[in-house]
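Below is one structure, written out as structure tokens, with a few remarks after it.
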Amino acid sequence: MPDPDSHAVPVTRFAPSPTGHLHVGGARTALFCWALARRLGGRFLLRVEDTDRKRSSEAAAGGILRDLAWLGIGWDDGPELEHQGETLGGDERGIGPYYQSQRADLYAKAFEALIEAGMAYPAFETEADLGAMRNAAVEAKQTFRYRQPEGYDLEASLERMRAGEEHVLRFRMPIDPVVVRDSILGDIEFTEEHTDDFVIRKRDGMPTYHLAVVVDDELMGVTHVVRGQEHLQNTPRHVALQHALGYRVPVYAHLPLIFNPDGSKMSKRDKDKAARAACKDRKLDGPPEGTVAPEAFAKWMKDKKSQLESGDLIALASALKLDLPEIDVEDFRRSGYLPETVCNYLALLGWNPGEKTEDGKDLERFDSAFLAEKFGLERVGKSASKFDRDKLRAFSQDTIGAMGPDVFEATWRAWLAEFEPAVLERVGDRFGVLARAVQPRAKTLRHALEPAAFALVDDDGYDFDAKAVKKALHKGDPSGLQVLMDLRPVIEGVVSFTAEGIESAINGFCEQREMGLGKAAQPLRVALTGSTVSPSLGETLASIGKDAALARIDRCLAQCVQGAEA
RNA sequence: GGCCCCGUCGUCUAGAGGCCUAGGACACCACCCUUUCACGGUGGCUACGCGGGUUCGAAUCCCGCCGGGGUCACCA
């Protein structure tokens, strides 16, 4: 029996079903639950709702746990996970196990109690029967609601059940209206004519979600249920069950939904959709080499609802040089967002601290510690929000820019080691310089690859942009080409080939000739990168090293002289 | 379709009857800074869905309409 005093401690919970990856909506719910527990000085628990044995997997559960840990959302009670030398979860309060599939005996007691009280009864209709009943209702332009048939013989039915006949157990939904008190939405009344006698135990003996949630929340001492608004319709059922079982009713809070920029529901299928559109755009008849099997590809292209394996999809996107929309937490990680950025942005979707910064602006940038201190249900909004990647990227660029250079270097290195290891190998011991050059220009850890691109190609592996050549090398007097020629020995002569050393050598060169730095910088940029855009000259040169710099200048000189003469 | 929820700039939002000729952020545009890019700075653009009430006064309260969304499983 539950400890009657257990509600003295606030307890929130996140209860994912392990049928896939953790997506942003779930992450935001978890973040709010976590923050509420912290703010209230209570506990945050994690429970795995794996009563659907066909769709649940241990791997998915593990992935969700790791994603939460990566975000910095640690749980007090729940499955154990080692994360950065710390153990998350555990069963300090003795309320586990935390997998619903392992809690059958607990649900069995609830079933018995309900049957005993006449609040539950077995039903023997097959799926086909129910389908027919549903169709009949549709034809009669009515909403199908299961109710105990007239003339139902409870004793006989219980007898059949005990004899082992296949059945489901249904809850006899009371006819009184149920009022759901929601901390965000207010009181909402659900009347009897829109509820039904829902299934609480499936044919396979597993409890349904409704029964399991109610039993577990009670037994685990959950005081605050914070979840997405898609669950709102379920709540009257849960409240009715709580009444029937003599349980306490927790505080409910239903969070507004998160949508795509176009207003559609954010779904894992969006990634397939984007990839499919790209394939169509490029008029591909078959999959790019080494990505997906041709048959699988053809099938996937045809069936708009089908999804590719996560790994295949990533391979395909990378072959097409396509950025998939990020939906799952791991997508954001792969795209090079920092967990603190993701949490900060997510927290602002539906909540805000209502505080101003020193210069009178709305306070938007904060860390999870701040959230844990300030979060409350009172300031959660009611309306759905659209996920704005531009704003997320702006947040990301700012957090990256604000990191100490050494921290950024280490963070970027770790990310590259996991997702783009070839880059580290190529850059070698010049990585530190490159990191410094790229940091202020990086929107995400992956995006940092763009401003770094010049250092990641072979010395003859890039083209000289025609416009840039014309503008920076062929114009002026002396021409850029001439300046470049004169600059070559200066660069060759730099002893300490660091950003500072190079910079001062070039500055000296310009001063001596009494010309603007731009006259030297732009020709050099074109020679070294093929374009007029790069980090500061010192950083650019130091990032590739002296040998490469000279080789690139020589190639440029050789290749671009012809144009000048013509 | 029934039921339920929601409705302030393009987007995220501040706003709890007068402080609102509606503030901030992102995006966008212009200018400044500058060896390019990025950063930074300055300025600009753009919103209370519509119609009725209540009130001296409404973005804020009430009603209707319209619009958007959720949900109607032996999935969670």
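Letters A, B, ... mirror the listed sequences (proteins, then strands); counts begin at 1. Note that this is a predicted model, so its numbers are computed, not measured.
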ask   = Within the structure, does a side-chain N or O atom of A:Arg134 lie under 4.0 Å from either OP1 or OP2 of B:rC74?
value = yes

task = Quick one: label A:Lys54 by what it contacts on the DNA or RNA (base, sugar-phosphate, nothing), any heavy atom closer than 4.0 Å.
result = nothing

task = Assign A:Ser383 to base, sugar-phosphate, or nothing according to its heavy-atom contacts below 4.0 angstrom with the strands shown.
result = sugar-phosphate

query = So what does A:Thr143 touch, heavy atoms closer than 4.0 Å: a base, only the sugar-phosphate, or nothing?
reply = base

query = Rounded to whole angstrom units, what separation is found between the OH atom of A:Tyr209 and the P atom of B:rC75?
reply = 14 Å

query = Can a side chain N or O of A:Lys467 be found less than 4.0 Å away from OP1 or OP2 on B:rU36?
reply = no

inquiry  = Students often get this wrong, so: under 4.0 angstrom with heavy atoms, is A:Arg201 touching a base, only sugar-phosphate, or nothing?
reply    = nothing

query = Which part of the nucleic acid, if any, lies within reach of A:Phe259 when heavy atoms closer than 4.0 Å are counted: base, sugar-phosphate only, or nothing?
reply = sugar-phosphate

inquiry  = Considering every strand and a 4.0 Å limit on heavy-atom distances, what is the contact class for A:His231: base, sugar-phosphate, or nothing?
reply    = base

ask   = Which part of the nucleic acid does A:Gly401 contact within heavy-atom distance under 4.0 Å: base, sugar-phosphate only, or nothing?
value = nothing

query = Using a cut-off of 4.0 Å on non-hydrogen atoms, how would the nucleic acid contact of A:Glu364 be classed: base, sugar-phosphate, or nothing?
reply = base

task = Quick one: label A:Gln142 by what it contacts on the DNA or RNA (base, sugar-phosphate, nothing), any heavy atom closer than 4.0 Å.
result = nothing

ask   = With sugar-phosphate meaning primed atoms plus P, OP1 and OP2, does A:Glu503 contact a base, only sugar-phosphate, or nothing at under 4.0 Å between heavy atoms?
value = base

inquiry  = Does the structure show a Watson-Crick or G-U wobble partner for B:rC66, both distances under 3.5 Å? Name it, or say none.
reply    = B:rG7

message = Does A:Val168 reach a base, just sugar-phosphate, or nothing at all? Heavy atoms under 4.0 Å.
response = base

message = At 4.0 Å (heavy atoms only), tell me whether A:Arg227 reaches a base, stays on the sugar-phosphate, or touches nothing.
response = nothing

query = According to the Watson-Crick and G-U wobble definitions, with both distances under 3.5 Å, which nucleotide is paired to B:rC19?
reply = none

N or O in side chain of A:Lys141 less than 4.0 angstrom from B:rG1 OP1/OP2 = no

note = Across every strand shown, the nucleotide meeting Watson-Crick or G-U wobble geometry with B:rU55 (both distances under 3.5 Å) is none

ask   = Using a heavy-atom distance cut-off of less than 4.0 Å, which residues of residues 434-441 of chain A contact RNA chain B?
value = A:Pro440, A:Arg441

message = Once you apply a heavy-atom cut-off of 4.0 Å, does A:Asn234 come out as touching a base, just sugar-phosphate, or nothing?
response = base

query = So, is A:Arg379 close to the B:rG15 phosphate, meaning a side-chain N or O under 4.0 Å from OP1 or OP2?
reply = yes

ask   = Is the phosphate of B:rC72, meaning OP1 or OP2, less than 4.0 Å from a side-chain N or O of A:Arg145?
value = no

task = Describe the nucleic acid contact of A:Leu130 in one word from base, sugar-phosphate, nothing, applying a heavy-atom distance below 4.0 Å.
result = base

